Amino acid sequence: MATTRTASAHWEGSLMEGAGQVTLESSGVGSFDVNWPARAEAPNGVTSPEELIAAAHSTCFSMALSHGLAQAGTPPTTVDTTAEVTFQPGTGITGIVLKVVGSVPGITAEQFEEAAQGAKANCPVSQALSAVPITLEATFAE
């Protein structure tokens with residue numbers, strides 16, 4: 001069964017001087033301030049579209065990796081993923097680096113790397129962002 005999740009944004013003013021809020025509508029967990037300096041300079045307690053993409057990507061990848069490992073009969077103890085989304089003003093999003101550390105009893109580091117590469121290829125967010133170069137750094141913690 002398909003699901004739809006909704007977020008909304010309200011913006012006031014020009015790109016450089018304006019500001020807004022993004023609201024996570026489906027979950028109702030909150031609204032977050034957004035502005036240009038948070039996107040192109042320092043966050044200073046304000047989020048950006050790229051940080052929200054990083055949150056979605058790190059979560060989706062972790063879920064996909066956990067699922068793939070469990071399907072193979074070796075569920076992970078832990079999977080910790082960081083996504084770094086690089087934004088270049090005037091160009092856009094230029095790359096994403098996924099950094100994952102996993103503890104999975106019963107497999108080798110090579111098997112973990114293979115599972116991580118599979119999750120990178122099959123994670124729905126990775127697929128949606130396929131126009132951007134995505135690299136993976138996998139660390140096996142045993």
Side-chain angles (χ1 to χ4, degrees), residues 1-107 109 111-142:
M1 173 183 350
T3 59
T4 301
R5 300 294 180 254
T6 305
S8 62
H10 173 78
W11 188 266
E12 294 180 7
S14 67
L15 173 62
M16 304 300 236
E17 290 81 28
Q21 281 195 326
V22 59
T23 301
L24 305 181
E25 301 284 348
S26 300
S27 63
V29 297
S31 294
F32 304 92
D33 292 334
V34 293
N35 64 25
W36 178 256
R39 190 171 198 187
E41 299 164 17
N44 295 321
V46 179
T47 195
S48 68
E50 291 72 30
E51 185 177 37
L52 296 169
I53 289 170
H57 203 177
S58 63
T59 303
C60 184
F61 174 85
S62 293
M63 294 169 78
L65 179 54
S66 176
H67 180 66
L69 289 164
Q71 291 286 25
T74 54
T77 302
T78 60
V79 172
D80 295 295
T81 306
T82 301
E84 298 174 353
V85 177
T86 301
F87 174 75
Q88 177 65 47
T91 302
I93 296 173
T94 58
I96 300 170
V97 177
L98 293 171
K99 296 180 179 181
V100 62
V101 178
S103 176
V104 187
I107 68 170
Q111 290 169 315
F112 180 73
E113 173 74 29
E114 184 179 320
Q117 290 293 343
K120 176 186 156 223
N122 296 307
C123 156
V125 173
S126 289
Q127 291 174 348
L129 298 172
S130 63
V132 177
I134 300 170
T135 58
L136 175 64
E137 297 174 13
T139 304
F140 184 58
E142 233 176 292

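Source: prediction; values computed, not measured.
Contact of the H57 side chain with the V85 side chain is not registered, since no non-hydrogen atoms from C-beta on lie closer than 4.5 Å. Counting only heavy atoms from C-beta outward, the side chains of D80 and T78 approach each other to under 4.5 Å.
Distance CD1/I107 to CD/E113: 10.5 Å, rounded to 0.5 Å. Separating the CD atom in Q88 from the CD atom in E50 is a distance of 11.0 Å, to the nearest 0.5 Å. Taking OG1 from T81 and NZ from K120, the interatomic distance works out to 13.5 Å, rounded to the nearest 0.5 Å. Put simply, CD1 on I134 and CG on L129 are 5.5 Å apart, with the number rounded to the nearest 0.5 Å. Atom CG of L24 is separated from atom CG of L52 by 7.0 Å, given to the nearest 0.5 angstrom. Taking OG1 of T135 as the reference point, atom NZ of K99 lies at 8.5 Å (rounded to 0.5 Å).
Nearest heavy atom pair, residue A38 against residue T47, reads CB-O, 3.5 Å. Summarising the geometry of A40 relative to P89, their closest heavy-atom pair is CB-CG, 3.8 Å, with the distance given to 0.1 Å. Listed here is the closest heavy atom pair of V100 and A116: CG1-CB, 4.4 Å. What you find for V34 and Q21 is that their closest heavy atoms are CG2-N, 3.9 Å. Shown here for F112 and V101, the closest heavy-atom pair between the two residues is CZ-C, 4.3 Å. Across all non-hydrogen atoms, the minimal contact from V79 to S62 is CG1-OG, 3.8 Å.
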Tell me, with the steps shown, if S14 and E17 meet side chain to side chain donor-acceptor pair (under 3.5 Å).
-> CA-CA 5 Å; S14 67; E17 290 81 28; 2.5 Å; yes
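Pairs engaging residues 61-88 under the ring-ring contact (aromatic ring centres under 6.0 Å, His included) rule: W36-F87 [sequence neighbours left out].
Surrounding CD of Q111 are more than 12 heavy atoms belonging to other residues, nucleotides or ligands, all under 6.0 Å away.
No side-chain donor-acceptor contact under 3.5 Å links T59 to the backbone of A56. Looking only at distances, no side-chain donor or acceptor of S126 sits under 3.5 Å from a matching main-chain atom of A121.
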